[in-house]
A.B. asks: 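Mind looking over this structure? Questions follow.
The basis for the numbers below is simple: all heavy atoms, side chains too, and nothing from hydrogens, waters or symmetry mates. What you see is a predicted model, and the numbers here were worked out from it, not measured in a lab.
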Amino acid sequence: MPMDIHQRDDLPFPRSLPAFQRLFPDDEACARYLLKLRWRDGFVCPYCASVGDPLRFPSRPSVLRCRKCRRNTGLTVGTVMERSHTPLNVWFWAAYLVTSQTPGVSAVQFQRQLGISRYETAFQILHKLRAGMVRPDRDRIGGNAGEHVEVDDSYVGGRTRGKGRGVHDKVLVATAVEVRQRKPGTKLDKRKGGRYAGRVRLAVVPDRSAKSLCGFVEGSVTPGTKIVTDDWGAYAGLTKRGYDHVAVAERGDPHIAEEYLPIIHLVFANLKTWLTGTHHGVSHQHLQSYLNEFTFRFNRRFYPFNAFRSLLGIAGDVAAPTYAGLYSGEWTHPSCCG
Ligand SMILES: [Zn+2]
């Protein structure tokens, strides 16, 4: 498994919730962690540049006061936790849960696990963290020598309420996934010949036309990449758009699909399990947000520390998102918060 690229020996990142809660039992432990994350070699006052331990206040663990110029520096300024009355450790645990747990976590589960007294508090925390996940990854995938990308489209079930049994409101989702090869000598999953998924891109598309599907590929995959699809005619246009296109004659045979497009079917299966299991079906207008959340988590599944820092807005070396402008109504629909 690849190493977390920002993992630091002096900042351990546990891989289970109980271990995580032992490491971050309270506000103070989290504040110390934030301090170390921002100033690896000790506090430097951003106002007067003096070096040395700042003054601390037990009742306000996220405030550091410079001993020289006496000015305060807030540890949570510019992060998702700024101006929140919720203890830092609850934010830490929440970010850990939503980045690490599969499938995702609902407000009720979260409230239960963390013992938060108010549902609204749990909901607001999750809402703010999820808003950090729906910012799409914008760079195109693929483009790595010796690796190819599988592309496919599949219908995802919408909600069927009020329309009787059967399939209603199906939404077409196009997916691209990087296929990687484990190094010889590592433990192999024989069924997939050592192949595993790299990064994914997912988008709601209006139909199965060449315009929709090739348009999705152009927006998602680096030109020149080898792309494997089934033999649906719309994908034939990929060659003249600059891709090294290979079409597999699938003819509806699931064994052929499993053999030639194994990774994308795995991604679709994960997506569908998550959507139906966690959210009991998702309404059409919210699906792209869920796809973005799925993409965020999936693409960072080997890098939980990065995902954690990104959601809390404590990435440091990465431009932090602005949380002040979040529209609070965006996620308040019952299908995702029940
Ligand atoms: Zn100072």
A.B. asks: When you measure from the side chain of Asp153 to the backbone of Thr175, do you find a donor-acceptor pair of N or O atoms at a distance under 3.5 Å?
C.D. replies: no

A.B. asks: On a heavy-atom basis, which atom in Ala49 and which in Val44 lie closest, and how many Å separate them?
C.D. replies: O-CG1, 3.8 Å

A.B. asks: Verify, without hydrogens or angle tests, whether Asp26 (side chain) and Ala29 (backbone) share a donor-acceptor contact under 3.5 angstrom.
C.D. replies: yes

A.B. asks: Is it the case that over 12 heavy atoms from other parts of the model lie below 6.0 angstrom from the NZ atom of Lys272?
C.D. replies: yes

A.B. asks: Aromatic ring centroids of Phe24 and Phe20 under 6.0 Å?
C.D. replies: yes

A.B. asks: Test Glu28 against Arg56 for salt bridge (charged side-chain N to carboxylate O under 4.0 Å, His left out), laying out the working first.
C.D. replies: CA-CA 10 Å; Glu28 172 54 30; Arg56 306 289 305 275; 3.5 Å; yes

A.B. asks: Give, for atom CG of Leu275 and atom CZ of Phe294, the distance between the pair rounded to the nearest 0.5 Å.
C.D. replies: 8.0 Å

A.B. asks: Between the side chain of Arg297 and the main-chain N/O of Val98, is any donor-acceptor distance below 3.5 Å?
C.D. replies: yes

A.B. asks: Thr222 side chain to Ile141 main-chain N or O, any donor-acceptor pair under 3.5 Å?
C.D. replies: yes

A.B. asks: Within 45° of the six-membered ring axis of Phe305 and under 6.0 Å from that ring's centre, is NZ or CZ of Arg309 located there?
C.D. replies: yes

A.B. asks: Roughly how far, to the nearest 0.5 Å, is the CD1 atom of Ile314 from the CH2 atom of Trp91?
C.D. replies: 12.0 Å

A.B. asks: Nearest heavy-atom pair of Leu88 and Ala31: which atoms, and what distance?
C.D. replies: CD1-N, 4.0 Å

A.B. asks: Taking Val221's backbone N and O only, do any of them form a donor-acceptor pair with Thr225's side chain (distance below 3.5 Å, no angle check)?
C.D. replies: no

A.B. asks: Hey, is the main chain of Pro61 close enough, under 3.5 Å, to the side chain of Asp27 for a donor-acceptor pair?
C.D. replies: no

A.B. asks: Would you find a donor on one side and an acceptor on the other, under 3.5 Å apart, between the side chain of Arg38 and the backbone of Leu35?
C.D. replies: no

A.B. asks: Walk me through it: do Arg199 and Asn299 pass the test side chain to side chain donor-acceptor pair (under 3.5 Å)?
C.D. replies: CA-CA 5 Å; Arg199 294 173 298 169; Asn299 288 354; over 6 Å; no

A.B. asks: Listed by chain and number, what are the ring-ring contact (aromatic ring centres under 6.0 Å, His included) partners of Tyr243, not counting sequence neighbours?
C.D. replies: none

A.B. asks: What is the distance from atom CZ of Arg182 to atom OH of Tyr196, rounded to the nearest 0.5 Å?
C.D. replies: 6.0 Å

A.B. asks: Taking the six-membered ring for Trp, is the centroid-to-centroid distance between Phe308 and Tyr96 below 6.0 Å?
C.D. replies: no

A.B. asks: Treating Thr273 as the side-chain partner and Ala269 as the backbone partner, does any N or O pair qualify as donor plus acceptor under 3.5 Å?
C.D. replies: yes

A.B. asks: To the nearest 0.5 Å, how far apart are CG in Asn89 and OH in Tyr33?
C.D. replies: 14.0 Å

A.B. asks: Decide whether a cation-pi geometry holds between Arg300 and Phe296; the criteria are a distance under 6.0 Å from NZ or CZ to the six-membered ring centre and an angle within 45° of the ring axis.
C.D. replies: yes

A.B. asks: Heavy-atom count check: over 12 atoms from other residues, nucleotides or ligands less than 6.0 Å from Tyr260 OH?
C.D. replies: no

A.B. asks: Is Asp139 paired with Arg201 through a side-chain N to carboxylate O contact shorter than 4.0 Å?
C.D. replies: yes

A.B. asks: Decide, yes or no, whether a salt bridge links Arg140 with Glu218 under the criterion of side-chain N to carboxylate O below 4.0 Å.
C.D. replies: no

A.B. asks: Is there a donor-acceptor contact under 3.5 Å from the side chain of Trp232 to the main chain of Arg208?
C.D. replies: yes

A.B. asks: Could you tell me whether the side chain of Glu150 and the main chain of Ile263 form a donor-acceptor pair under 3.5 Å?
C.D. replies: yes

